[in-house]
Each structure stands twice: as C-alpha cells, then as structure tokens.
S.K.: 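The structure is given below, and queries will be raised subsequently.
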Amino acid sequence: MDLMEVMKARRSVRKYRPDPIPEDIFKAIISAARVAPSATNAQPWKFIIVTDEELKLKLINACNGQKFIAEAPVIIVGCGLPDEAYATVGGYMNSFAMDVTIAMDHLILAAAAYGLGTCWIAAFKEDKVRELLGIPDDVRVVALTPIGYPNDQPSKESRKDLAELICYDKFE
Ligand SMILES: Cc1cc2nc3c(=O)[nH]c(=O)nc-3n(C[C@H](O)[C@H](O)[C@H](O)COP(=O)(O)O)c2cc1C
C-alpha cells in the first residue's frame with residue numbers, strides 16, 4: 001500500500017486477536033517512530049512497550065475501563081520529555097506533546113501498513129499510568145495505543161467536508 005492508501009485504510013480498532021506480532025514487523029513499526037521529525041530534532045520521547053499480561057490488565061483501569069486495550073498483545077505508551085523539548089513553540093508552548101504525537105502517528109500508520117490495528121487512547125489518568133509503569137515526575141504521558149491484529153473491521157467514521165477545514169489567505 002502506498003502512504004495515501006494506508007492513511008485511508010487506518011481505523012480505530014477496538015477488538016483484537018491475541019496473535020503475537022512478528023519481531024521484524026514490530027521493529028519496523030517502532031523504527032517509523034524513530035524517524036519522525038521533532039522541534040530542534042530533540043526527539044523528546046520514550047515509548048514504553050507493555051506486553052506483561054498483568055500490567056496490560058491494570059492499564060484498563062488507568063484508561064477509564066477501556067477493556068479492549070488488553071486484548072492486544074502490546075500496548076504502547078507514548079511519553080514526552082518536556083525538559084528535552086523545544087520550550088516555546090509560537091512563543092507560548094512546549095513542543096513535547098506535538099513531537100510525541102507526530103512520532104506516535106508515524107508508528108500508527110506503519111502498523112496500518114502491516115495490517116495491524118491500533119487505537120489512539122487519550123482517555124486515561126496520567127497519575128495511574130505513571131504509578132503502574134514507574135514513570136518519573138518529569139516525564140509526561142501523552143497517549144497510548146494497543147497494537148495487534150484486528151478482530152473486527154471497523155466502519156469508516158465520517159469526516160468534515162474539505163471545504164470546512166480550509167480557508168485562503170485569512171482566517172474565516
Ligand atoms: C487524541 C485522540 C484521542 C483518542 N482517544 C480515544 C480513546 O481514549 N478511546 C477510544 O476508543 N478512541 C479514542 N480515539 C479514537 C477516535 O475516537 C477516532 O480516531 C475517531 O472516532 C475517528 O475514527 P477512526 O480513527 O476510526 O478514523 C482518540 C483519537 C484521538 C486522535
């Protein structure tokens with residue numbers, strides 16, 4: 001699949017088969033995150049790869065009871081390192097969340113290219129994820145995703161019309 005096809009094919013998958021992900025494929029997917037751009041090329045991220053069954057089950061509670069995340073063989077927890085990131089995007093914002101999100105999206109699209117399912121998880125309690133995975137205070141949890149072979153073919157979610165997304169020359 002070319003990139004446009006992969007982007008169109010990706011869906012949020014909420015049912016997974018337990019089948020393991022072949023090591024070479026998993027490495028390729030993680031490598032996609034590695035090549036992502038970041039402000040000042042700081043690469044202010046760490047991806048925690050959770051495969052321990054007990055920990056995966058405990059993460060359900062930290063993710064507001066979203067049970068399907070533990071069906072997948074792997075849960076990836078995308079963490080940001082604010083102290084290493086560019087501090088003033090636009091003069092007002094630390095870049096870590098942006099940087100981690102771009103890298104996670106690389107990873108998620110790479111997974112889709114290999115026929116693997118993912119689902120952005122932002123409904124989580126940071127303190128609970130932090131406690132379960134021993135994440136230090138200066139590291140922020142940005143998003144999680146399960147990753148595994150889909151056990152479902154989710155339908156296509158609607159999108160705004162293109163005309164609604166864009167304007168020319170001035171904000172309208
Ligand atoms: C930042 C972000 C957070 C999300 N958090 C959750 C979540 O916690 N649980 C969930 O089931 N889906 C979550 N989603 C998935 C969205 O519901 C989904 O992307 C949207 O409905 C469009 O569907 P699609 O991904 O299949 O195209 C999240 C998506 C994004 C981008």
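Each ligand, and each atom within it, is numbered from 1 in the order the structure gives. Worth saying up front: this structure is predicted, and the values here are computed from it rather than measured.
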S.K.: Name the closest protein heavy atom to atom 3 (C) of ligand 1, giving the residue it belongs to and the distance to 0.1 Å.
M.R.: Ala122 CB, 3.3 Å
S.K.: Are Asp19 and Arg17 within salt-bridge range, i.e. N to O under 4.0 Å?
M.R.: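 A salt bridge is present here (some side-chain N lies under 4.0 Å from a carboxylate O).
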S.K.: Could you find the nearest protein heavy atom to atom 9 (N) of ligand 1 and give me its residue, atom name and distance?
M.R.: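 It is Gln66 OE1, 2.7 Å.
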S.K.: Flag the pair Ile21 / Pro73 as yes when at least one side-chain heavy-atom distance between them is below 4.5 Å, and no otherwise.
M.R.: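 Of all side-chain heavy-atom pairs linking Pro73 with Ile21, at least one is under 4.5 Å.
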S.K.: Give the single entry among Pro146, Ser12, Ser158 that approaches atom 25 (O) of ligand 1 most closely by any heavy atom.
M.R.: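 Result: the heavy atom closest to atom 25 (O) of ligand 1 is in Ser12.
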S.K.: Does atom 20 (C) of ligand 1 have any protein heavy atom closer than 4.0 Å?
M.R.: no
S.K.: Looking only at heavy atoms, is any part of Cys119 under 4.0 Å from ligand 1, and if so is it the side chain, the backbone, or both, or is it neither?
M.R.: side chain
S.K.: Please list, chain by chain and in numerical order, all residues satisfying side-chain hydrogen bond (donor to acceptor under 3.5 Å, both in side chains) with Thr101, sequence neighbours excluded.
M.R.: none
S.K.: What protein heavy atom sits nearest atom 27 (O) of ligand 1, and how far away is it?
M.R.: Arg159 NH2, 2.7 Å
S.K.: With a 4.0 Å cut-off, would you call Glu54 and Lys58 a salt bridge?
M.R.: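 Answer for the salt bridge query: yes.
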S.K.: Note the single closest protein heavy atom to atom 13 (C) of ligand 1, along with its residue, its atom name and the distance in Å.
M.R.: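 Result: Trp120 O, 2.9 Å.
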S.K.: If you measure from each heavy atom of Phe68 to ligand 1, is any distance below 4.0 Å?
M.R.: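 Per 4.0 Å heavy-atom rule, Phe68 contacts ligand 1.
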S.K.: Could you check which of Arg10, Met7, Arg14 puts a non-hydrogen atom nearest to atom 17 (O) of ligand 1?
M.R.: Arg14
S.K.: Can you report which non-hydrogen protein atom sits closest to atom 23 (O) of ligand 1, along with the distance?
M.R.: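 Of every protein heavy atom, Glu157 CG, 3.1 Å lies nearest to atom 23 (O) of ligand 1.
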S.K.: So, for Lys56 and Ala70, which heavy atoms are closest and what is the spacing to 0.1 Å?
M.R.: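 Taking every non-hydrogen atom into account, NZ-O, 3.5 Å.
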S.K.: Just list the side-chain donor-acceptor pairs under 3.5 Å for residues 135-150, sequence neighbours left out, or say none.
M.R.:
| unit_1 | atom_1 | unit_2 | atom_2 | d |
| --- | --- | --- | --- | --- |
| Arg140 | NE | Glu126 | OE1 | 3.3 |
| Arg140 | NE | Glu126 | OE2 | 2.9 |
| Arg140 | NH2 | Glu126 | OE1 | 2.9 |
| Thr145 | OG1 | Cys119 | N | 2.9 |
| Thr145 | OG1 | Cys119 | O | 3.1 |

S.K.: As an exercise, identify every atom of ligand 1 less than 4.0 angstrom from a heavy atom of Ala123.
M.R.: 8 (O)
S.K.: Please check if atom CD in Gln153 has more than 12 non-hydrogen atoms from other residues, nucleotides or ligands closer than 6.0 Å.
M.R.: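 At most 12 heavy atoms, drawn from other residues, nucleotides or ligands, come within 6.0 Å of this atom.
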S.K.: To the nearest 0.5 Å, what is the distance between CD1 on Ile166 and CG on Asp161?
M.R.: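 Rounded to the nearest 0.5 Å, the CD1-CG separation comes out at 11.0 Å.
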